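For the numbers below, each heavy atom of this structure counts, side chains included, while hydrogens, waters and symmetry mates do not. It should be emphasised that the depicted structure is a prediction, and the values quoted were computed from it without experimental measurement.
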Amino acid sequence: MRVALRCSIEQLEPGLVIVDGGAERFVASGFIDITARDPSGVLVAIEIKTGAAGQRAVAQVLSCMGDLANEEGTGGRVRGILVAADFETKALAAAKMVPNLLLRRYQVNFQFAEASL
């Protein structure tokens with residue numbers, strides 16, 4: 001999932017540029033799946049969950065955002081994007097109160113082709 005998103009980060013949000021050198025970034029509260037910058041230069045912590053994301057996932061991405069702000073001295077100018085197949089009701093309610101956190105649902109569409117022998 002992480003590899004697929006890295007290959008098509010523009011689909012998540014136009015203008016995002018990955019700035020983590022292709023690896024998860026370690027911060028005090030854990031690992032950030034993808035660290036990027038938006039077109040205005042603001043750091044974006046992107047957390048990816050398979051399946052439905054709950055309150056704990058919201059808390060995780062918020063902790064990573066806080067750590068990024070501390071490490072980079074951004075004065076709190078950090079955004080977060082939580083990517084999941086779906087979101088539990090409590091996660092939706094919690095995220096509603098954080099204006100710089102976006103929730104994005106993913107969908108997977110498989111395509112199949114005949115294999116050459």
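- A pairwise comparison of heavy atoms in Leu101 and Leu82 identifies CD1-N, 4.3 Å as the closest pair.
- Nearest heavy-atom pair across Pro39 and Pro14 is CG-O, 3.8 Å.
- Looking at residues two or more places apart in sequence or on another chain, you find a side-chain hydrogen bond (donor to acceptor under 3.5 Å, both in side chains) between Ser29 and Asp67.
- With rounding to the nearest 0.5 Å, the separation of OG in Ser63 from CD in Glu47 is 10.5 Å.
- Under the side chain to side chain contact (heavy atoms under 4.5 Å, CB included) criterion, Ala91 pairs with Val58, sequence neighbours left out.
- With sequence neighbours excluded, the residues satisfying side chain to side chain contact (heavy atoms under 4.5 Å, CB included) with Asn100 are Met65, Arg79, Val98.
- Transitive grouping of hydrophobic side chains (ILVMFWY, heavy atoms separated by less than 4.5 Å) keeps Val78 and Ile9 in distinct clusters.
- In this view, Thr35 and Val19, Asp20, Arg25, Ile32, Leu43, Leu68 satisfy the side chain to side chain contact (heavy atoms under 4.5 Å, CB included) rule, not counting sequence neighbours.
- Scored by the side chain to side chain contact (heavy atoms under 4.5 Å, CB included) test, Glu24 finds Arg2, Phe31, Asp33 as partners (sequence neighbours excluded).
- Within a 6.0 Å sphere centred on CD of Glu71, other residues, nucleotides and ligands contribute more than 12 heavy atoms.
- Atom CD1 of Ile46 sits about 5.5 Å away from atom CG of Leu16, to the nearest 0.5 Å.
- Dense packing is recorded around CZ of Arg105, with more than 12 heavy atoms of other residues, nucleotides or ligands lying under 6.0 Å away.
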> Would Glu13 and Leu102 count as a side chain to side chain contact (heavy atoms under 4.5 Å, CB included) if you check the C-alpha gap in whole Å, the side-chain angles of each, and the deciding distance to 0.1 Å?
Replying inline: CA-CA 10 Å; Glu13 182 178 293; Leu102 299 176; 3.6 Å; yes
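- Annotation: side chain of Val44 is not in contact with side chain of Arg37 (no heavy-atom distance under 4.5 Å).
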>> side chain to side chain contact (heavy atoms under 4.5 Å, CB included), that's the test. Do Asp86 and Tyr106 meet it? Break it down for me.
In response: CA-CA 8 Å; Asp86 204 2; Tyr106 69 82; over 6 Å; no
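- Of the options Ile34, Leu12, Val61, a side chain to side chain contact (heavy atoms under 4.5 Å, CB included) to Ile48 is made by Ile34 and by none of the others.
- A heavy-atom distance below 4.5 Å is not found between the side chains of Lys49 and Met1.
- With values rounded to the nearest 0.5 angstrom, Phe87 atom CZ is found 4.5 Å from Leu103 atom CG.
- Looking only at distances, no side-chain donor or acceptor of Thr74 sits under 3.5 Å from a matching main-chain atom of Asn70.
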Output side-chain donor-acceptor pairs under 3.5 Å for residues 108-117, partner residues at least two apart or in another chain, one line each.
none

